[in-house]
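Some notes on the structure that comes next.
On a predicted model such as this, the values are computed, not experimentally measured, just so you know.
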Amino acid sequence: MTDLEQLLQAAQAEFAATSTPAELENAKARFLGKAGRVTELLKGLAALPVDEKKARGAEINVLKSGIEAALTERRQALADAELALQLKAEALDVTLPGRSRGTGALHPITRAMARIEAIFGSMGFDVADGPEIETDWFSFSALNNPENHPARSMQDTFYVDMKDEGGRYFNLRPHTSPMQIRYAQAHARRYAGQDHMPEIRVIAPGRTYRVDNDATHSPMFHQVEGLWVGENISFKDLKAVYLNFITAFFETDQLQLRFRPSYFPFTEPSAEIDIMFESGPLKGRWLEVSGSGQVHPQVIRNMGLDPERYIGFAFGSGIDRLAMLRYGVNDLRQFFDGDLRFLSQFK
Ligand code: DAH
């Protein structure tokens with residue numbers, strides 16, 4: 001082996017021994033740098049006689065190319081190794097289980113409302129929405145509940161520090177009944193002066209407010225008002241509609257309905273509607289689900305209609321109560337605590 005071949009082997013070995021680009025550059029300098037061994041060889045040419053110089057020069061150049069080739073090869077190998085390392089570090093493990101977003105669900109009260117709307121919708125009832133901050137007139141007076149009448153104290157009302165045109169404080173509506181008046185008035189205005197007025201058939205679900213807070217009362221709760229007014233709408237229609245609703249809502253015929261005489265200023269006669277399941281966990285207990293009655297002639301008048309011609313029924317049911325019975329919830333306040341352990345059961 002010639003000295004030049006040995007040198008090439010030495011260079012290849014040193015390059016191979018490096019493990020970083022910086023080490024490789026240092027090794028390169030030892031051979032090809034200013035004081036490197038190949039450079040020294042080239043300088044040594046000067047001392048040679050002319051005829052040897054040419055042949056030796058050519059050999060050294062071959063050596064130099066060999067070293068450069070080895071260098072390039074090692075550079076590439078180091079770069080490849082580094083890339084491989086980086087790819088490995090940043091690798092995506094597609095076999096890991098995904099992080100799911102967690103799907104939401106409708107609140108049980110929202111679901112109960114949707115059921116109620118669908119069931120009454122199927123019986124031809126419109127669905128109306130109205131203000132939660134009401135005037136004294138719509139919440140009470142129009143419903144035949146005059147100022148200073150003891151019947152007003154049936155509701156522990158929240159008042160808002162703001163007065164209506166009559167100088168009375170606005171209130172957070174204690175029931176959905178004001179919607180009877182609002183809806184019927186608009187209806188009566190639309191058909192004013194015409195011979196024939198289509199019947200009023202509407203439900204108005206929504207939030208209501210009272211100063212109450214225990215296992216079966218929350219200061220904010222939900223009611224659905226129902227109203228059917230026409231020329232010949234009687235209590236038997238109320239019974240048919242309500243029975244149809246309640247059996248559809250609870251998806252069972254195994255229940256009874258009863259009307260228990262009661263008092264509301266806006267109905268005469270008035271009744272509480274109780275239901276009793278004939279099977280299941282609630283079997284045999286009468287449960288109050290709604291107030292109801294035949295709309296009082298004065299209320300019909302306040303709707304802008306003639307009580308000699310128009311008659312009908314109304315009811316106001318507690319949606320939270322219905323949802324509690326349907327989903328087996330024993331504390332109404334759970335609906336509004338926002339506890340996901342409770343709410344996620346309704347997915
Ligand atoms: N508004 C009554 C309440 O909150 C419920 C009610 C009773 C509504 C009789 C009615 C009705 O429409 O006719 O207790």
*Would you check if there is a donor-acceptor pair between the side chains of Thr176 and Glu225 at a distance under 3.5 Å?*
yes

_Taking salt bridge (charged side-chain N to carboxylate O under 4.0 Å, His left out) as the definition, give me every residue that meets it alongside Arg260, ordered by chain and number, with sequence neighbours left out._
Asp274, Glu288

_Once side chain to side chain contact (heavy atoms under 4.5 Å, CB included) is applied, do any residues pair with Leu8, and if so which ones, sequence neighbours excluded?_
Gln12, Leu63, Ile67

_Arg210/Asp212 ion pair, N-O < 4.0 Å_ = no

_Residues that His107 engages under side chain to side chain contact (heavy atoms under 4.5 Å, CB included), provided they are two or more places apart_ = Ile109, Thr110, Phe335, Leu343

*Glu40 and Arg37 ion-paired at < 4.0 Å*: no

*asked:* Before you tell me yes or no, could you show the steps for Phe221 and Phe336 under ring pair (Phe, Tyr, Trp, His ring centres under 6.0 Å), namely the whole-Å CA-CA distance, both residues' side-chain angles and the distance that decides it to 0.1 Å?
replied: CA-CA 9 Å; Phe221 58 108; Phe336 312 121; 9.2 Å; no

*Take atom CG in Asp161; do more than 12 heavy atoms of anything else shown fall under 6.0 Å from it?*
no

_Nearest 0.5 Å, please: how far is OG in Ser292 from CZ in Phe313?_
9.0 Å

_Is it true that Ser262 and Glu272 share a donor-acceptor pair across their side chains at a distance under 3.5 Å?_
yes

*Can Asn232 and Ser234 be counted as having a side-chain donor-acceptor contact under 3.5 angstrom?*
no

*asked:* Is the positively charged end of Arg258 above the ring of Trp286, judged by distance under 6.0 angstrom from the centroid and angle within 45° of the axis?
replied: yes

*Side chain of Asp164, backbone of Gly166: donor and acceptor closer than 3.5 Å?*
yes

*Is the number of heavy atoms from other residues, nucleotides or ligands under 6.0 Å of Ile133 CD1 greater than 12?*
no

*asked:* Could you tell me if Thr157 and Asn171 have a donor-acceptor pair between their side chains, going purely by distance under 3.5 Å?
replied: no

_Salt-bridge contact Arg309-Glu231 (side-chain N to carboxylate O under 4.0 Å)_ = yes

_Are more than 12 heavy atoms, taken from residues, nucleotides or ligands other than Glu73, located less than 6.0 Å from that residue's CD atom?_
no

*Is the distance between the ring centroids of His187 and Tyr191 under 6.0 Å?*
yes

*asked:* Quick check against the 3.5 Å criterion: does Arg182 have a side-chain atom that pairs as donor or acceptor with the backbone of Asp129?
replied: no

*Presence of salt bridge, Glu14 and Lys28, under 4.0 angstrom*: no

*Strictly under 6.0 Å, is that where the ring centroids of His175 and Tyr209 end up?*
no

*Applying side-chain hydrogen bond (donor to acceptor under 3.5 Å, both in side chains), which residue pairs with at least one partner in residues 54-71 are found, sequence neighbours left out?*
Asp3-Arg56

*asked:* Using 0.5 Å steps for rounding, measure from the OG1 atom of Thr72 to the CZ atom of Arg75.
replied: 6.0 Å

*Are Arg173 and Phe138 in a cation-pi setup, meaning NZ or CZ lies under 6.0 angstrom from the ring centre and within 45 degrees of the ring axis?*
no

_Residue pairs involving residues 196-206 (criterion side-chain hydrogen bond (donor to acceptor under 3.5 Å, both in side chains); sequence neighbours excluded)_ = Glu199-Arg201, Glu199-Trp228

_By ring pair (Phe, Tyr, Trp, His ring centres under 6.0 Å) - contacts of Tyr242 (at least two apart)_ = Phe245, Phe315

*Which of parallel (below 30°), tilted (30 to 60°) and perpendicular (above 60°) describes Phe250 and Phe277?*
perpendicular

